[in-house]
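Worksheet: the structure to be examined is printed underneath.
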Amino acid sequence: MERYSLFGTEYSAVDYKTATNNIIHYAQQHKSYGVSALAVHGLITSILDPFLKGIIHNIQMIVPDGQPVRWALNSFYNTALQDRVYGPDLTLHVLKVAEKSKLNIYLYGSTQETLMAFRHFINTKYPKLNICGIHVDRFREATNKEDMQDIEKINNSDTHIVLVGRGCPRQEIWVANHIGKINAVMMAVGAAFDFHAGTVAQAPAWIQDNGLEWLYRLLKEPKRLWKRYFFTNSIFIFLFLKHKFILRRATI
């Protein structure tokens, strides 16, 4: 599995099938393994925060969640990626194979309402899949004692895959900090919880395919998201142009 640096973050050049097979492989072994579906927002946030960047570097597989990330990898490295690996869709691929493989799933993060709706979605779509535990987000970082209790509870549940929906970058920090502690694959999939629970509307496919999901979400929640997308998208475009036409030319 080849990895490529995009502005200092190592992305795995994978498609849905390869990413899913890798996750299932480690899950079956109860291997402590971190996965993140990192789009533009998460990438730029990590660049602006050196501590976060160092934390994310510990995650073993970071997949190109956003179309702009995929376009950049194809442009810089000719990776020939045909599609992004979108966290909510990767979640469905993993759940489908996990059901067939008789693996246990643990849900960590989000609200009680969202978790109950997400569990109902999973039970309906994948009726033979066992959800062995649910943890409602505290919406704060756990104390050392609480964290030790969480780790013990998750490991005692015999889970193979922990789906983590705490929002970026809190979910990436949690995953990275629990590598070597949680005996399972930990997937930071963020919006997958809300989308599949039906608590947040998902953008139509044609909007996603054209890399405009950020605009759809911005129109839905302008007050909350305008700063995020204005700054992170602008920085991403600047870095792309800088690396594509200035830094690379200087190395020729």
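Predicted model, so just to flag it, every value in this text is computed and none were measured.
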Would you give the length of the straight line joining atom [atom1] of [X] to atom [atom2] of [Y], rounded to the nearest 0.5 angstrom?
X: Thr9; Y: Ile44; atom1: OG1; atom2: CD1; result: 8.5 Å
X: Ile237; Y: Lys242; atom1: CD1; atom2: NZ; result: 15.5 Å
X: Ile154; Y: Thr159; atom1: CD1; atom2: OG1; result: 8.0 Å
X: Glu2; Y: Ser12; atom1: CD; atom2: OG; result: 10.0 Å
X: Asn130; Y: Ile105; atom1: CG; atom2: CD1; result: 9.0 Å
X: Thr45; Y: Phe231; atom1: OG1; atom2: CZ; result: 12.5 Å

Quiz prompt | ILVMFWY cluster, Ile182 and Ile134 together (side-chain gap under 4.5 Å) | solution = no

Quiz item: Linking I/L/V/M/F/W/Y whenever their side-chain heavy atoms sit closer than 4.5 Å, directly or via other members, would Phe118 and Tyr108 fall into one cluster?
Solution: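 Phe118 does not cluster with Tyr108.
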
Does [X] reach the main-chain N or O of [Y] with its side chain, forming a donor-acceptor pair under 3.5 Å?
X: Thr199; Y: Asp194; answer: yes
X: His135; Y: Leu107; answer: no
X: Arg170; Y: Arg166; answer: yes
X: Lys244; Y: Ser75; answer: yes
X: Thr20; Y: Lys17; answer: no
X: Asn183; Y: Asn155; answer: no
X: Asp147; Y: Thr143; answer: no
X: Glu99; Y: Leu95; answer: no

Show me the pairs that pass ring-ring contact (aromatic ring centres under 6.0 Å, His included) and involve [range], at least two apart or across chains.
range: residues 40-71; value: none
range: residues 80-106; value: Tyr16-His93
range: residues 137-158; value: none

Looking at every non-hydrogen atom in both residues, tell me the closest pair between [X] and [Y] and how far apart they are.
X: Ala39; Y: Val69; value: C-CG2, 4.1 Å
X: Ala192; Y: Pro88; value: CB-CA, 3.6 Å
X: Val185; Y: Ile23; value: CG2-O, 3.5 Å
X: Arg3; Y: Ile59; value: NH1-O, 4.1 Å
X: Tyr11; Y: Val63; value: CE2-O, 3.5 Å
X: Leu6; Y: Leu43; value: O-CD1, 3.6 Å

Without hydrogens or angle criteria, can the side chains of [X] and [Y] be said to hold a donor-acceptor pair below 3.5 Å?
X: Asp137; Y: Ser110; answer: no
X: Lys181; Y: Ser32; answer: no
X: Thr18; Y: Asn21; answer: no

Determine the interplanar angle of the [X] and [Y] rings, folded into 0 to 90°, and report it as parallel if under 30°, tilted if 30 to 60°, perpendicular if over 60°.
X: Tyr4; Y: Tyr77; result: tilted
X: Tyr33; Y: Tyr26; result: parallel
X: His30; Y: His160; result: parallel

Quiz item: For Glu10, does the CD atom sit with more than 12 other heavy atoms under 6.0 Å from it, leaving out its own atoms?
Solution: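 It does: Glu10 CD has more than 12 such atoms within range.
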
Quiz item: Above 12 or not: heavy atoms from other molecules or residues under 6.0 Å from CD of Gln29?
Solution: yes

Quiz prompt | Thr111/Leu115 under side chain to side chain contact (heavy atoms under 4.5 Å, CB included): CA gap, chis, key distance, verdict | solution = CA-CA 6 Å; Thr111 65; Leu115 284 172; over 6 Å; no

With the side chain counted from C-beta on, respond yes when [X] and [Y] share a heavy-atom pair under 4.5 Å apart, and no when they do not.
X: Met148; Y: Lys145; result: no
X: Tyr126; Y: Leu92; result: yes
X: Ile24; Y: Ile161; result: yes
X: Ile47; Y: Leu239; result: yes
X: Ile179; Y: Gln60; result: yes
X: His243; Y: Phe76; result: yes
X: Met186; Y: Val35; result: no
X: Met61; Y: Asn22; result: yes

Exercise. Go through Leu129 and Asn104 one step at a time and tell me if the side chain to side chain contact (heavy atoms under 4.5 Å, CB included) criterion holds.
Key: CA-CA 7 Å; Leu129 184 59; Asn104 299 326; over 6 Å; no

Self-check item: Check against side-chain hydrogen bond (donor to acceptor under 3.5 Å, both in side chains), Thr79 and Asn74
Solution: CA-CA 5 Å; Thr79 51; Asn74 284 346; 2.5 Å; yes

Self-check item: Carboxylate-amine/guanidinium contact Arg138 Glu146, below 4.0 Å
Solution: yes

Self-check item: Within the 6.0 Å centroid threshold, strictly below: Phe236 and Phe7
Solution: yes

Practice problem: In sequence, state the C-alpha distance, the side-chain angles, and the governing distance for Lys100 and Lys96, and then conclude on side chain to side chain contact (heavy atoms under 4.5 Å, CB included). | Solution: CA-CA 7 Å; Lys100 293 179 180 179; Lys96 181 179 180 180; 3.9 Å; yes

Exercise. Please step through salt bridge (charged side-chain N to carboxylate O under 4.0 Å, His left out) for the pair Glu172 and Lys53, ending with a clear verdict.
Key: CA-CA 10 Å; Glu172 278 74 23; Lys53 187 174 184 178; over 6 Å; no

Quiz item: Of Val85, Val189, Asp65, which is the lone residue that meets side chain to side chain contact (heavy atoms under 4.5 Å, CB included) with Leu90?
Solution: Val85

Practice problem: Start with the C-alpha distance between Met187 and Val162, add both sets of side-chain angles, then the distance that settles side chain to side chain contact (heavy atoms under 4.5 Å, CB included), and finish with yes or no. | Solution: CA-CA 6 Å; Met187 295 176 57; Val162 183; over 6 Å; no

